Chemist: 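Next up is a structure, given as structure tokens.
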Amino acid sequence: MKPLIGISCGTFYDRDWCPPSFGHRQTYVDAILRAGGAPMLIPPVPDELTLRMLFDRLDGLLLAGGGDIAPVNYGAEPHPNLGTVDPLRDSAELPMARWAVAEGKPVLGICRGIQVLNVALGGTLYQDIPSEIENALAHNLSYEREDWTHLAHELRLAPGSRLRQLLGVERLLVNSLHHQAVRDLAPGLRAVAWAPDEVIEAVEGTGEGFVMGVQCHPEALQGGADPRWQRLFAAFVDSCGTGQRRAARAA
Ligand code: MN
């Protein structure tokens with residue numbers, strides 16, 4: 001049995017007269033498949049009981065990229081440069097992130113996902129890097145170049161971190177498609193990577209189990225631009241076991 005990995009969906013709008021779609025970019029699915037997992041898209045359902053039923057079937061949770069988290073979730077007033085928010089998605093991802101950490105279910109957050117993880121556990125965010133951090137780098141450069149694989153800035157990895165161990169280097173270049181970032185770190189998380197402007201670019205859980213968030217988009221790099229990131233997805237999926245845990249719960 002392959003581990004069943006839930007990928008939290010975003011809301012996508014195409015035509016004005018069409019209802020929105022729930023889904024996510026193919027690269028997330030590709031990365032989980034390559035790592036030996038069975039990907040399953042999790043829509044942002046509005047009631048917690050149904051959400052819990054979906055969550056219980058998963059062996060691991062991938063919190064995927066997307067728009068901004070509503071600042072009410074971390075006790076802040078909206079900044080004028082706050083981007084598009086998706087309260088329904090917030091209301092699905094925040095509890096799932098808390099459940100995963102509390103129950104030792106492996107969780108990997110990517111871009112918005114590192115922010116969801118931090119907010120879910122009690123941390124805060126910069127709502128707009130360019131207007132809130134002096135002399136910040138261009139963290140939305142890969143987006144502006146319209147190239148997910150554009151390497152925008154360097155990462156400095158913390159000694160002794162799982163991420164540094166996996167990647168096998170102290171520094172590497174990454175893509176960057178974000179205007180928000182981790183501000184105050186939540187209890188239970190530690191920063192393990194920084195951009196040259198000291199913006200936090202990765203976090204890990206301080207306890208047992210796989211809890212990790214990255215601000216870059218490794219799912220867009222692992223397929224060719226930087227295959228070293230395959231090791232992150234492999235470690236994540238491996239930590240999700242063989243599905244036996246899920247079978248045991250169902251019995
Ligand atoms: Mn960045």
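Read the numbers this way: they start at 1 and go in the same order the structure lists the ligands and their atoms. All figures in this text were calculated on a predicted structure; none of them were measured in a lab.
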Chemist: Do you see an N/O/S atom of H178, backbone or side chain, under 2.8 Å from the Mn ion (ligand 1)?
Modeler: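 Checking H178: at least one N, O or S atom is under 2.8 Å.
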Chemist: If you look at E201, which of its N/O/S atoms is nearest to the Mn ion (ligand 1)?
Modeler: OE2
Chemist: Any donor and acceptor pair, going by atom type alone, linking the side chain of R231 with main-chain N or O of L166 inside 3.5 Å?
Modeler: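 Such a contact is found between R231 side chain and L166 backbone.
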Chemist: Tell me whether N175 contacts the main-chain N or O of W148 through its side chain, where contact means a donor paired with an acceptor under 3.5 Å.
Modeler: yes
Chemist: Can you name the N/O/S atom of H139 that is nearest the Mn ion (ligand 1)?
Modeler: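 The atom in question is ND1.
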Chemist: For the Mn ion (ligand 1), what is the closest N, O or S atom on H153?
Modeler: NE2
Chemist: Any N/O/S of Q215 under 2.8 Å from the Mn ion (ligand 1)?
Modeler: no
Chemist: Applying ring-ring contact (aromatic ring centres under 6.0 Å, His included), can you list everything that pairs with H24, at least two apart in sequence or on another chain?
Modeler: F12, Y28
Chemist: Please answer whether the main-chain N or O of T50 pairs with a side-chain N or O of D47 as donor and acceptor at a distance below 3.5 Å.
Modeler: yes
Chemist: Does the S142 side chain pair with the main chain of S176, one donor and one acceptor, at a distance under 3.5 Å?
Modeler: yes
